[in-house]
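Working notes, structure below.
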Number of protein chains: 2
Amino acid sequence: MADSIQKKLDQIPVESVSDESLTLLVGYNIKRVSNVIQSDLAKTLKPLDLRMITFTTLVLIVDNPGIRQSQLAASLSIERPNFVVIIDELVRRGLVTRKQDPSDRRAYGLYISTAGQRLHKVAIRAVQSHENSLLAHLSAQQRQQLSTTMNLLRQTFMTQHSPGERS
Amino acid sequence: MADSIQKKLDQIPVESVSDESLTLLVGYNIKRVSNVIQSDLAKTLKPLDLRMITFTTLVLIVDNPGIRQSQLAASLSIERPNFVVIIDELVRRGLVTRKQDPSDRRAYGLYISTAGQRLHKVAIRAVQSHENSLLAHLSAQQRQQLSTTMNLLRQTFMTQHSPGERS
DNA sequence: CCATAATAGTTATAAACTATAATCATTTCA
DNA sequence: TGAAATGATTATAGTTTATAACTATTATGG
């Protein structure tokens, strides 16, 4: 019986790749799953001319009107310099406005525009329906577990290596 | 009582950013968690002069001696052209050897060297101990669930959007 | 009060990662 | 045998991420 299994394995010369060693690593699995999701999500957002970063930026501006660029950049774990061009784009497209803070003339508060609100609404719906189809193969319990575990991990990590989660 | 809570909230003007909307999105959570893990893993591998991609390449070559570049690239979801320089590096460092396949002179089989085996051993240990400390805050059951769910998602995705999981 | 440090936003730039087209040699197959 | 397909490569461009340095403004401690 173990023989027949070995026989089968031998019949597959190098055709199928054994990646069990990597499958055992949670970090690797999460990365692969994350990549697939991001790629899929990107396709969902593309018709709206949004990327992950512009989408999440819109969401946080809607939920935090008047927020400053640096706060937003920190929340999204993106370097401030790289975030400038993101905001530039959203402002240029009339989705977001920069208003100078009267109490601190260095800073700008970010606000959503009417067009931005419309796009936000559509995008949220698209992403949510995307998530549903993505997790269609999971039971309600599994989804709950996944969500809980991810949030727990994030909480744990955030308190440890707060800034600069990339590199 | 609700008053005192509101009072506290009011004392934090724009200091704390509300990102509940994003926290509700599993895709976003996974991405954030994945980013933290990759960044942390990178730090673990850096002393060995390995990156995630060179580490995973080493592992798969050890587990699949004689594997071809194109198979390996497909397994790791990296474009073949981008993979050439990875293998170049590993060969240059004496960790991996390319042997021409006698049955197909276009192809090379990839093999680990003695130095490669040594590094592989050390790296596997480092990554595993990294994973343990990473998941220290999860119960055994939670770890099991996490692993199971990730594998399930990966299985599901792979059969759907097999190639080109990025973009 | 003023010099110094710190902060918000920005510019410039480089490194790393990812994607695509095209080429060469070789193999497969009608 | 000729055309199509495959393995590896080169060249190249786009995207993302990181870092240093600058301007303007605000905060702080002597």
Side-chain angles (χ1 to χ4, degrees), chain A residues 14-15 17 31-32 34-36 38-39 42-43 45-46 49-57 66-92 96-110 163-167, chain B residues 14-15 31-32 34-36 38-39 42-43 45-46 49-57 66-92 96-110 161 163-167:
Chain A
V14 198
E15 310 276 320
V17 178
K31 181 186 163 73
R32 293 296 297 264
S34 176
N35 282 348
V36 176
Q38 300 321 307
S39 150
K43 282 179 206 150
L45 291 171
K46 185 139 200 178
D49 205 1
L50 288 173
R51 288 165 294 153
M52 190 65 171
I53 183 63
T54 47
F55 167 70
T56 52
T57 300
I67 193 174
R68 292 180 186 174
Q69 282 186 209
S70 46
Q71 290 180 294
L72 206 39
S75 293
L76 294 169
S77 289
I78 181 174
E79 297 299 325
R80 270 75 49 100
N82 298 329
F83 199 51
V84 172
V85 295
I86 305 296
I87 300 297
D88 280 350
E89 177 191 328
L90 294 177
V91 169
R92 180 173 44 73
V96 164
T97 59
R98 277 190 253 238
K99 277 190 208 157
Q100 206 171 37
D101 185 333
S103 74
D104 185 344
R105 284 181 301 164
R106 291 169 302 183
Y108 295 99
L110 297 175
E165 84 196 17
R166 282 166 183 75
S167 82
Chain B
V14 198
E15 309 277 320
K31 180 187 164 72
R32 293 296 297 264
S34 176
N35 282 348
V36 177
Q38 299 322 306
S39 149
K43 283 180 206 149
L45 291 171
K46 186 139 198 176
D49 203 2
L50 287 174
R51 290 165 294 155
M52 190 64 172
I53 183 63
T54 48
F55 167 69
T56 52
T57 299
I67 194 175
R68 294 180 184 173
Q69 283 185 210
S70 47
Q71 290 180 293
L72 206 39
S75 292
L76 295 169
S77 290
I78 182 176
E79 296 298 324
R80 269 74 49 101
N82 298 330
F83 199 52
V84 172
V85 295
I86 306 296
I87 300 297
D88 281 349
E89 177 191 328
L90 294 176
V91 169
R92 180 174 43 72
V96 163
T97 58
R98 279 190 251 238
K99 278 191 205 155
Q100 206 171 39
D101 185 333
S103 74
D104 185 342
R105 285 180 301 165
R106 292 170 302 182
Y108 295 99
L110 298 174
H161 7 183
E165 85 195 19
R166 281 165 186 77
S167 85

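Below, chain A is the first sequence line, B the second, and so on; all start at residue 1. Since the model is a prediction, treat every value here as computed from it, not as a measurement.
Residue A:Arg80 contributes atom CZ, which lies 15 Å from atom P of D:dT17 at whole-angstrom precision. The CZ atom of A:Arg51 sits 20 Å away from the P atom of C:dC17 (whole-angstrom rounding). Distance B:Tyr108 OH to C:dT26 C1': 12 Å, rounded to the nearest Å. Between B:Gln100 atom CD and C:dC24 atom C1' there is a gap of 14 Å when expressed in whole angstrom units. In this structure, B:Ile67 atom CD1 and D:dA8 atom P are separated by 10 Å, rounded to whole Å. When rounded to the nearest whole Å, the span between CD of A:Gln69 and C1' of C:dG9 equals 6 Å. Rounding to whole angstrom units, CD of residue B:Gln38 and C1' of C:dA16 are separated by 15 Å. Rounded to a whole Å, the CD atom of B:Glu79 is 17 Å from the P atom of D:dT10.
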Atom pairs, protein N/O to nucleotides 21-25 of chain D N/O, distance under 3.5 Å:
from: D:dT25; atom 1: O2; to: A:Arg106; atom 2: NH1; distance (Å): 3.1

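For the helix from C:dC1-D:dG30 to C:dA30-D:dT1, the axis fitted to the five pairs at one end and the axis fitted to the five pairs at the other end meet at an angle of 20° (nearest 10 degrees).
We find the NZ-CD distance between A:Lys43 and A:Gln38 to be 12.5 Å, quoted to the nearest 0.5 Å. Here the CG-OG1 distance, from A:Leu72 to A:Thr57, works out to 5.5 Å after rounding to the nearest 0.5 Å.
Taking every heavy atom of residues 82-92 of chain A and every atom of DNA chain D, pairs under 4.0 Å involve A:Asn82, by number.
Of all the heavy atoms in A:Arg80 and A:Ala73, the pair that sits closest is CD-CB, 3.9 Å. Here the shortest heavy-atom pairing between B:Arg32 and A:Ser77 reads NH2-OG, 3.0 Å. Taking both residues in full, the closest heavy atoms of B:Gln100 and B:Arg105 are given as NE2-O, 3.1 Å, listed atom of the first, atom of the second, then distance.
Although no hydrogens or angles enter the test, the distance criterion places a donor-acceptor pair under 3.5 Å between the side chain of B:Ser75 and the main chain of B:Gln71. B:Thr56 contributes a side-chain N or O that, together with a main-chain N or O of B:Met52, makes up a donor-acceptor pair within less than 3.5 Å.
The side-chain contact (heavy atoms from CB on, under 4.5 Å) check on B:Arg98 picks up B:Gln69, B:Ile87, B:Asp88, B:Val91, B:Tyr108, B:Leu110, with sequence neighbours excluded. The side-chain contact (heavy atoms from CB on, under 4.5 Å) search around A:Asn82 returns A:Ile78, A:Glu79, not counting sequence neighbours. Partners of A:Thr54 under the side-chain contact (heavy atoms from CB on, under 4.5 Å) rule, at least two apart in sequence or in another chain, are A:Leu50, A:Arg51, A:Ile86, A:Glu89, A:Leu90. B:Asp104 pairs by the side-chain hydrogen bond (donor to acceptor under 3.5 Å, both in side chains) definition with B:Arg106, not counting sequence neighbours.
Residue-to-nucleotide proximity on DNA chain D shows that, of B:Gly109 and A:Ile53, the 5′-proximal contact is made by B:Gly109.
Within the structure, a side-chain polar atom (N or O) of B:Ser70 is placed less than 4.0 Å from OP1 or OP2 of D:dA8.
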